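Written below as C-alpha cells is the structure these notes are about.
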Amino acid sequence: MFDNYNTLGFRAYYKNNLSTKICKSFEEANADVSGTNLIDAAAVLAILKKNYPLGDRTLIESIKKIPWMAKPDNSGWSYSELPSHGRVNLSEDVIGSRLIQLLEREALSFISDKKVVGILLSGGMDSRIVAGILNKLKSENRYSGDIVAISWGHNDSRDIVYSRRIAARFGWDFISLPVTPEVLFDNIDLAATMGAEFSPVHLHAMYSVSKIKGLDGILAGSYGDSIGRGEYSGVKVSQLPDLMSKDFNHFSFMLKAAQKKVINDLHKDIKSLRNRYPGRSEFSYREIEQQAHYMRRQLNACMSIIDDSIPLYQMFTSPDVFGFVWSLDPVCRNDDIYESILDIIPGNLLDIPWARTGKRYNSDGSKAEDSFSSSYHRYGDWLRNDLREYVVTNIRSGALQRLGLFNESSLNKWCNLWSRSNSSKADRLDEKMAWLASMSIFLERYRVASEVNFEHQFLDTLSEVKSRLHTFAYHSYLRIKER
C-alpha cells in the first residue's frame, strides 16, 4: 500500500490509535466501530468554507487521513522529502522535452507489469498529454499491453466527441459512460458512504468506472493543470490567494457559536502543515497548501472510489515530475508547455480542439470550431428539479438538526428558496444542497452525534439575511455572465 506514499496523490485512512491497520476507504476504517461516533465540527466548517476538509480531518473525530507525503513507522509518521520551489528559467521546448522523459518514466513505473491499462480520457489537455505519452510508449514498443480509453458524459459533448477521436486515432477501445439524474441520485448516497467529505456532484461516473472488468490499472491526468500548467481552479500558481481568503460559507448553514468554537482549529491545521516545511517562501507555501488540502482532500477523495476496486495512479504526482516543475520560475509554467509537448509527441493531438473552448489549444481564435456542447452534464438542473424532493427530504430528515451545529432556520429557508431554474451548471448553493443531503445520510449511516448543542442567536438571524442578499447578488452575476 505504501509504494506511492511520497507522491502527491497518495491516499488512505487510519484510526487515531496507530496500532490499528491502515485502511483504503472510510467505510473500512469505520467497519469495527460500535456505538456512536463523534462529529468533527471543524471538518464540517471546513467543508462549508472550502468544499473539503483541511489537513487530516474527516467528519468523524476518531478517523483520520494519513498525513500528506507520509507513512507510518515505529515512532509515528515518516515524512518524505518535499522538493523546493525554485526560479530556474528555461524555454518551453526544453521544459516540454524534459517533462516528456519524466512522464514516460512515471507512466512505465505503473503500467509496465500490466496487460490492460485504462486511461480516464476527456476532451481536456491533461488527459490528452497522458494519452500522448501512452501512445508514444506503445508505438516505441516500450509498453506491449492494451489500452482502453474511458470517458463519461453526454454523447454530444466535446469531452465525449474529442476523447472518442483521440481513442480512434490511436486504435484504442473506447468506453463511454452516461451521466444522468439517476447517476447523480446514486452519487448522493455514495458520497455519504465515502465519508461525506465532498459534494456528490464531483463523483461523475467514477463508480461505473470502478466496475469495468478486465483492467489491471487506470491512469488519470487530473493533476496536470496544477503541475503541468501551474493552474488551480483557473488561478495561476503565482497568483494563488491565502488559503482562507476564499470562503464559500455564504448560506448561514452553521450556527455562529459553533463556527466561533472551531475556527481556530482550521488555522492550526494550516499552520501545522507550514511548520512541517520551515523556511519556504509564501508562494511555495500557497502551492503546498493547494496540493495538501484542496487536491488531496477533494479531487483525490473522489477518485478513491475507483482505486478501491482497480489500482489508479495519478500522473504528474511523482517527486521527479513535480520536483522538476517546482524548480522552475512560475513564469515558465504556462500553456506553452503543453503546446510544446503535443508538438513533440506523435499523434497530432493539437489538431483536435480543446473541450474548454472548442478551439485549437492555446490559439487566439474567438469562435469555437464546432457546435458541440461545452458541458457533459446538467447537474444544476437535475438537482433543482429531478432530484429536488429527494435532496430536500434528506435535509429535513432531522439528522442535521439533531447534531446541534446547523442553523435550522437557514436550512428550512434554503429548502424553500432554492431556485428551480433550468441553468445546467451546479452553482455554489446547488453543490451545498447536494452535500447536505449526503451529510444527512452519512450521519444516520455511521451513527454520528455531537457532544455540544449550540443555540440560535441574533447573529444567526443577521447572518441569514446577509446570506440571502449575497446569494441574490451572486445569482444576478451568473445570469449576466451567461448572456
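Only a predicted model underlies this, so the values are computations on that prediction, with no experimental measurement involved.
- With a 6.0 Å cutoff to the six-membered ring centre and a 45° limit on the axis angle, K65 counts as a cation-pi contact of Y13.
- R87 forms a cation-pi arrangement with F283, by the criterion of a distance under 6.0 Å to the ring centre and an angle within 45° of the ring axis.
- A salt bridge is defined here as a Lys NZ or Arg NE, NH1 or NH2 lying under 4.0 Å from an Asp or Glu carboxylate O, and E28 with K24 fails to meet this definition.
- Aromatic ring pairs are classed by plane angle as parallel below 30°, tilted from 30° to 60° and perpendicular above 60°; the pair Y338 and F316 is tilted.
- Salt bridge status for E231 with R356: present, with a side-chain N to carboxylate O gap under 4.0 Å.
- Y285 places none of its side-chain heavy atoms less than 4.5 Å from the side chain of L273.
- Classification of the F253-F251 ring pair by plane angle, with boundaries at 30° and 60°, yields tilted.
- Within a 6.0 Å radius of OH in Y207, no more than 12 heavy atoms belonging to other residues, nucleotides or ligands are found.
- Looking at heavy atoms from C-beta onward, S226 lies in side-chain contact with Q291 at the 4.5 angstrom threshold.
- Of all non-hydrogen atoms in N334 and K236, the two that sit nearest each other are CA-NZ, 4.0 Å.
- Taking a cutoff of 4.0 Å between a charged side-chain nitrogen and a carboxylate oxygen, K115 and D216 do not qualify as a salt bridge.
- With respect to the salt-bridge test (charged N to carboxylate O, under 4.0 angstrom), the residues D56 and R296 qualify.
- S80 has its side chain within reach of Y5: a pair of non-hydrogen atoms, C-beta onward, lies under 4.5 Å apart.
- Looking at L54, D265, N249 one by one, the single match for side-chain contact (heavy atoms from CB on, under 4.5 Å) with L45 turns out to be N249.
- For E282, the CD atom is densely surrounded, since the number of other residues' heavy atoms within 6.0 Å is greater than 12.
- A salt bridge does not link K425 with D381: every distance from a Lys NZ or Arg NE/NH1/NH2 to an Asp or Glu carboxylate oxygen is 4.0 Å or more.
- Salt-bridge annotation for E92 and R333: absent, with no side-chain N of the basic residue lying under 4.0 Å from a carboxylate O of the acidic one.
- For the pair I288 and M69, the minimum side-chain heavy-atom distance is 4.5 Å or more.
- Listed here is the closest heavy atom pair of L266 and A42: CD2-O, 3.3 Å.
- Aromatic rings from Y52 and H202 are positioned such that their centres are separated by 6.0 Å or more.
- S208 places none of its side-chain heavy atoms less than 4.5 Å from the side chain of W152.
- Taking the six-membered ring where tryptophan is involved, the planes of F442 and F26 are tilted, since the angle between them lies from 30° to 60°.
- Taking 4.0 Å as the cut-off between side-chain N and carboxylate O, R158 and D370 count as a salt-bridged pair.
- Both tests do not hold together for K359 against Y361: distance to the six-membered ring centre under 6.0 Å, angle to the ring axis within 45°.
- Between R57 and D269 the shortest side-chain heavy-atom distance falls below 4.5 Å.
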